[in-house]
Protein chains: 2
Amino acid sequence: MNFSAKTEYAVLALLYLTCHGQDGPVTVHKMAEELDIPYRFLEQIVSLLKRAGLVHSVRGSHGGYLLAREPRQITFGEILVLTEGPVAPWACVSGDDHFACSFEPTCAVRGVWQQVQRSIYQILNNTTLQDLCDKTKAVRHRVVTISNPVHEEPAAVAAQPIQIEEAVE
Amino acid sequence: MNFSAKTEYAVLALLYLTCHGQDGPVTVHKMAEELDIPYRFLEQIVSLLKRAGLVHSVRGSHGGYLLAREPRQITFGEILVLTEGPVAPWACVSGDDHFACSFEPTCAVRGVWQQVQRSIYQILNNTTLQDLCDKTKAVRHRVVTISNPVHEEPAAVAAQPIQIEEAVE
DNA sequence: CGCTAATCCGATCGAAATAGTAGGGATTAT
DNA sequence: ATAATCCCTACTATTTCGATCGGATTAGCG
């Protein structure tokens with residue numbers, strides 16, 4: 001069981017907008033490069049996010065994308081439902097149309113799927129982009145302070161954003 | 001996000017063996033018919049279950065399949081890992097080989113996937129076939145007693161609904 | 001032995017989903 | 001006007017899913 005690349009990319013892009021979208025719109029080109037995502041593919045995904053009302057777009061030169069809402073108002077669950085569809089480990093717990101499998105209503109398996117479904121939503125609906133951004137910074141800070149004792153200047157490291165590249169390459 | 005038909009079929013077949021495999025091996029043919037699963041497909045799945053040591057087989061005429069262990073010793077989690085692969089909503093939480101994504105170690109997203117993973121396993125590893133079988137019977141009993149007030153003859157209605165086995169056979 | 005009922009095993013196949021690729025059009029700042 | 005940008009639609013390659021097929025092996029039974 002795993003989630004698709006689409007979901008990863010959507011999350012990363014939104015997280016990028018949360019952490020780096022304070023001053024003006026961010027272009028798809030920029031995000032694609034920073035996050036190492038195929039440009040055209042990311043374009044599609046961001047377009048989806050726009051249609052869903054998670055981001056605003058600014059067209060024309062110097063355009064780009066911005067979060068449409070407060071980062072604290074956008075949950076992981078919402079993003080995931082958008083890119084993956086509803087979290088329904090099994091059709092019989094999909095909800096909207098009451099999909100009756102042959103065992104209903106005695107099927108106890110259904111109850112297990114429902115439990116799983118609820119516990120996933122419990123986590124995802126209570127995790128916002130703001131949380132993620134905060135945590136990313138906190139973790140990075142901890143890593144930095146661990147790997148950089150105080151007598152070394154932190155500014156140099158702090159100036160480097162998110163460094164996708166340097167750690168790996 | 002959903003689980004595959006393979007998983008459903010595996011669970012249903014094992015549940016069938018749990019509830020109806022007390023006296024002698026059960027054939028794939030029988031299960032396929034009872035559970036309304038394509039015979040050839042179920043054959044493959046049961047074969048997988050055998051290789052994984054969840055069931056025993058008896059070859060030749062009058063052969064079939066039996067649970068290899070106590071139903072209380074077989075968890076949902078084990079079945080699911082077998083048919084779906086490890087529950088790793090994202091590669092970076094797959095565990096065994098430490099798959100370093102480009103954001104490590106500052107990526108907070110990873111933590112969310114880990115939370116999700118843990119909560120799923122929490123449920124699935126604590127649900128056994130025995131639990132499921134018990135619950136199925138309990139629900140069926142409750143449904144019958146609810147839908148049949150005492151002053152109406154229960155026998156007539158009880159013969160009618162639900163139950164996989166008695167009605168079908 | 002030979003028939004039959006079953007498990008076993010590997011190959012294949014069509015449809016759908018996934019992960020992109022590509023081309024061009026619309027909009028706007030400069 | 002032009003360049004930068006979003007926007008939209010179609011196409012393609014690969015993988016996964018769900019299932020099917022042909023046949024080989026094993027065992028019970030008359």
Side-chain angles (χ1 to χ4, degrees), chain A residues 1-13 17 21 24-33 35-68 80 82-86 88-91 101, chain B residues 1-13 17 21 24-68 80 82-86 88-91:
Chain A
M1 192 218 75
N2 50 18
F3 299 131
S4 67
K6 200 155 105 179
T7 298
E8 179 188 26
Y9 296 162
V11 168
L12 291 180
L17 289 180
V26 182
T27 68
V28 173
H29 188 76
K30 172 79 172 170
M31 288 191 282
E33 195 169 290
L35 302 170
D36 193 31
I37 299 171
Y39 172 71
R40 292 289 199 172
F41 194 26
L42 184 56
E43 216 179 17
Q44 285 184 353
I45 292 164
V46 175
S47 164
L48 175 71
L49 297 178
K50 181 192 153 69
R51 282 195 297 277
L54 293 187
V55 297
H56 280 149
S57 66
V58 180
R59 299 190 68 168
S61 187
H62 292 92
Y65 288 94
L66 289 164
L67 285 189
L80 201 112
L82 190 63
T83 54
E84 300 278 328
W90 206 256
C101 77
Chain B
M1 193 219 76
N2 51 17
F3 299 131
S4 65
K6 200 154 105 180
T7 298
E8 179 189 26
Y9 295 163
V11 168
L12 291 180
L17 289 180
V26 181
T27 69
V28 174
H29 187 77
K30 173 78 172 171
M31 287 190 285
E33 193 169 291
E34 293 287 317
L35 302 171
D36 194 29
I37 299 172
Y39 172 71
R40 293 288 200 168
F41 195 25
L42 185 57
E43 214 178 20
Q44 283 187 350
I45 292 164
V46 175
S47 164
L48 175 71
L49 297 178
K50 182 194 153 65
R51 283 195 297 277
L54 293 187
V55 297
H56 280 150
S57 66
V58 179
R59 299 192 65 168
S61 188
H62 294 94
Y65 289 93
L66 290 164
L67 284 189
L80 200 110
L82 191 63
T83 54
E84 300 278 328
W90 207 257

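Below, chains carry the letters A, B, ... as their sequence lines are ordered, and counting in each starts from 1.
You'll find a donor-acceptor pair under 3.5 Å spanning the side chain of R59(B) and the base of dT25(D), going by distance alone. Interface remark: the E43(A) side chain does form a donor-acceptor pair with the dC7(D) base, using a distance-only criterion of under 3.5 Å. Side-chain to base pairing of R40(B) with dG22(D): one donor and one acceptor N or O lie within less than 3.5 Å of each other.
The structure places CG of L82(B) at 8.0 Å from NZ of K6(B), a figure rounded to the nearest 0.5 Å. In this structure, T27(B) OG1 and E33(B) CD are separated by 9.0 Å, a value rounded to the nearest 0.5 Å. Distance check, rounded to the nearest 0.5 Å: CD of E43(A) to CD1 of I37(A) gives 12.5 Å.
Phosphate proximity of dC7(D) to S57(A): present, with a side-chain N or O under 4.0 Å from OP1 or OP2. Checking the phosphate oxygens (OP1, OP2) of dT7(C), a side-chain nitrogen or oxygen of Y39(B) falls inside 4.0 Å. For S4(A), no side-chain nitrogen or oxygen approaches OP1 or OP2 of dA17(C) to under 4.0 Å. At dC17(D), none of the side-chain N or O atoms of Y9(B) fall inside 4.0 Å of OP1 or OP2 (strictly under the cut-off).
For the pair N2(B) CG and dT18(C) C1', the interatomic distance rounds to 14 Å; values are reported in whole Å. One atom, CZ of F41(A), and another, C1' of dA13(D), lie 13 Å apart when rounded to the nearest Å. E33(A) has its CD atom 12 Å from the P atom of dT5(D), to the nearest Å. One can place CE of M1(A) at 17 Å from C1' of dC17(D), the figure rounded to the nearest angstrom. Computed from coordinates, the I45(A) CD1 to dT18(C) P distance equals 12 Å when rounded to whole Å. dT7(C) atom P lies 14 Å from atom CZ of R51(B), rounded to whole Å. In this structure, L66(B) atom CG and dA6(C) atom P are separated by 14 Å, rounded to whole Å. Taking atom NE2 of residue H29(B) and atom P of nucleotide dA5(C), one finds them 10 Å apart after rounding to whole Å.
In this structure, L42(B) and E84(B) both approach DNA chain D, and ranking their closest nucleotides by distance from the 5' end singles out E84(B). Take the nearest nucleotide of DNA chain D for K50(A) and for Q44(A): the residue whose nucleotide is more 5' is K50(A).
The two residues A68(A) and G53(A) have their closest heavy-atom pair at CB-O, 3.5 Å.
V46(A) comes within contact range of no nucleotide atom at all, as no heavy-atom separation falls under 4.0 Å. Among the heavy atoms of the strands, none lies under 4.0 Å from S47(B).
Distance from the side chain of T27(B) is smallest to dT7(C) among dT7(C), dA19(D), dA19(C).
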(message) Between M1(A) and F3(B), does the side chain to side chain contact (heavy atoms under 4.5 Å, CB included) criterion hold? Intermediate values first, please.
(response) CA-CA 7 Å; M1(A) 192 218 75; F3(B) 299 131; 3.4 Å; yes

